2 protein chains.
Amino acid sequence: MKKDMSAASPRKTGCPVAFSLDVLGDRWSLLIVRDMLVGGASTYGDFMCGGEGIATNILANRLKGLTDAGIVEKHRDETNRRKYRYTLTQKGCELVPIVLSLMNWGAKYDPETRATPEILKKVTAKLDMEFSK
Amino acid sequence: MKKDMSAASPRKTGCPVAFSLDVLGDRWSLLIVRDMLVGGASTYGDFMCGGEGIATNILANRLKGLTDAGIVEKHRDETNRRKYRYTLTQKGCELVPIVLSLMNWGAKYDPETRATPEILKKVTAKLDMEFSK
DNA sequence: CACATAACTTGCTGTTTGCAAGTAATTAGG
DNA sequence: CCTAATTACTTGCAAACAGCAAGTTATGTG
C-alpha cells in the first residue's frame with residue numbers, strides 16, 4: 001500500500017503563496033473548483049463530463065485532496081442514493097478571487113479564448129453575487 | 001534527446017482558467033514569479049536560494065517554460081557576464097493579482113503562516129505600486 | 001594560466017499521470 | 001425478487017515527471 005498523496009508534500013516555509021500552491025498547485029484541482037463555481041457541477045459524473053477530460057483516478061484523487069483540505073464536502077444525495085454531492089465549503093468559496101484572477105489573465109493572453117468580455121463580466125458578477133458571504 | 005515539456009500539454013477547450021493553469025498550474029512556476037515580485041530575485045542563484053529548495057533541473061525547466069510563455073525574459077548581465085538576469089515581462093507583471101489572491105487565501109488558512117496582516121498590506125501595496133502600468 | 005563563480009545538463013531512482021479495465025453500491029424495470 | 005443499468009469509484013500498467021547528486025560549460029579573477 002502506498003500513500004498516493006499527490007496533493008504535495010508541505011514545504012512549510014510559512015509563505016502563504018507556497019501554502020496555497022501546496023494545496024492547489026496542480027493542473028486539476030482548480031479546474032474542479034471552477035466547475036463547481038461556474039458550471040454548477042456537483043457529482044462525480046458532472047466533473048467527468050467537465051470538458052477537459054480528467055482521468056477518473058485523478059478525479060478521485062483530487063476530490064479526496066480537496067476534501068481533506070476542507071475545500072469541498074461530500075454528502076450522499078438523499079433523493080438518489082447512488083449519487084454523492086460535492087459542495088464547496090466557506091474555505092472553498094473563498095477561492096473565487098483566485099479563479100477570477102486566473103480567468104482574467106487567461107482571457108487576456110489566450111489567443112484562442114472563447115471568453116468574451118461580456119462572458120467575463122457575467123461570470124465575475126455571478127461569482128461575486130453567489131459566493132460572497 | 002527527449003522533449004521534457006513539463007509545462008503541460010494544452011487542452012485547448014477555450015476556457016481561460018484552463019489556459020492559465022496550462023502555463024502556471026504546477027508547484028513551482030508561481031513561486032518563481034513570487035520571488036521575482038516580492039523577493040527581488042532575478043538570477044538563477046537567487047531562485048536556488050529562494051527558500052523552498054527547488055531542484056536545479058526543475059528550476060531550469062520552469063525558467064524555460066516561463067520564458068517560452070513570454071512571462072519572463074532572459075538577458076545577460078553586462079556588468080558580470082557570468083550572470084543572466086531574468087525579468088518579468090508585462091505579461092508576467094500582470095500575474096500580480098493571481099499571486100496576491102493566492103497569498104491572501106493562504107494567509108487566511110495556513111495555521112502556521114508567517115504572514116501577518118501588516119506584511120500582507122505592505123506586500124499588496126508594494127506590488128500594486130510597482131507593477132501596475 | 002589556474003582557480004572560482006554562475007548557470008546549467010545528465011543520469012538515476014522513485015513517484016505521479018493517464019489510459020483501460022474492473023469492482024461495489026444503489027436503483028429501476030419486468 | 002431477479003436482472004440490468006447507473007454512479008462512483010479502484011486497480012494495473014506504461015510513460016512522463018520530480019528530486020537528488022554529480023558533472024559540464026562559460027566567464028571572470030589573481
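Side chains are part of it too, since the values below use all heavy atoms of this structure and drop only hydrogens, waters and symmetry mates. Just so we're clear, the structure is a prediction, and the values are computed from it rather than from any experiment. The sequence lines fix the lettering, A, B, ..., with proteins before strands; numbering per chain opens at 1.
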Using whole Å, report how far [atom1] of [X] lies from [atom2] of [N].
X       : N      : atom1 : atom2 : answer
A:Lys64 : D:dC9  : NZ    : P     : 12 Å
B:Ile58 : C:dT13 : CD1   : P     : 17 Å
A:Ile54 : C:dG18 : CD1   : P     : 8 Å
A:Leu59 : C:dA20 : CG    : P     : 17 Å
A:Leu63 : D:dC9  : CG    : P     : 7 Å
A:Arg62 : D:dA8  : CZ    : C1'   : 18 Å
A:Asp26 : C:dT15 : CG    : C1'   : 15 Å
B:Phe47 : C:dA6  : CZ    : P     : 15 Å

For [N], does either OP1 or OP2 sit under 4.0 Å from a side-chain N or O belonging to [X]?
X       : N      : answer
A:Arg27 : C:dT16 : no
B:Trp28 : D:dG19 : yes
B:Lys74 : C:dC8  : yes
A:Arg76 : C:dT26 : yes

[X] side-chain proximity, nearest of [options]:
X       : options               : result
B:Thr56 : D:dA8, D:dA22, D:dT10 : D:dA22
A:Tyr44 : D:dC20, D:dA8, D:dA18 : D:dA8
A:Thr43 : C:dG18, D:dA8, D:dA18 : D:dA8

Inset, instruction - Starting from the 5' end of DNA chain C, give me the residue, A:Asp77 or A:Asn57, whose nearest nucleotide shows up first. - result: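 Its nearest nucleotide being more 5', the pick is A:Asn57.
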Inset, instruction - For A:Ser20 and B:Tyr109, test the side chains for any donor-to-acceptor distance below 3.5 angstrom and give the result as yes or no. - result: no
Legend entry - Under 3.5 Å side-chain donor-acceptor pair for A:Asn104 and A:Ser101: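 Side chains of A:Asn104 and A:Ser101: no pair found under 3.5 Å.
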Legend entry - Side-chain heavy-atom pair B:Asp26, A:Asp26 within 4.5 angstrom cut-off: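 No - every pair of side-chain heavy atoms lies 4.5 Å or more apart.
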Legend entry - B:Lys64: which of B:Thr67, B:Asn61, B:Asp68 passes side chain to side chain donor-acceptor pair (under 3.5 Å):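 So the option named by the test is B:Asp68.
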Inset, instruction - May I ask you to list the residues of residues 79-86 of chain A, by number, that have any heavy atom positioned under 4.0 Å from an atom of DNA chain D? - result: A:Arg82, A:Lys83, A:Tyr84, A:Tyr86
Inset, instruction - Apply the test side-chain contact (heavy atoms from CB on, under 4.5 Å) to residues A:Val99 and B:Val17: give CA-CA distance (whole Å), side-chain angles for both, the deciding distance (0.1 Å), then the verdict. - result: CA-CA 7 Å; A:Val99 173; B:Val17 180; 4.1 Å; yes
Legend entry - Minimum heavy-atom distance A:Cys93-A:Phe131, with the two atoms named: SG-CD2, 3.5 Å
Inset, instruction - Please name all residues satisfying side-chain hydrogen bond (donor to acceptor under 3.5 Å, both in side chains) with B:Lys108, sequence neighbours left out, ordered by chain then number. - result: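 Applying side-chain hydrogen bond (donor to acceptor under 3.5 Å, both in side chains) to B:Lys108 gives A:Glu94.
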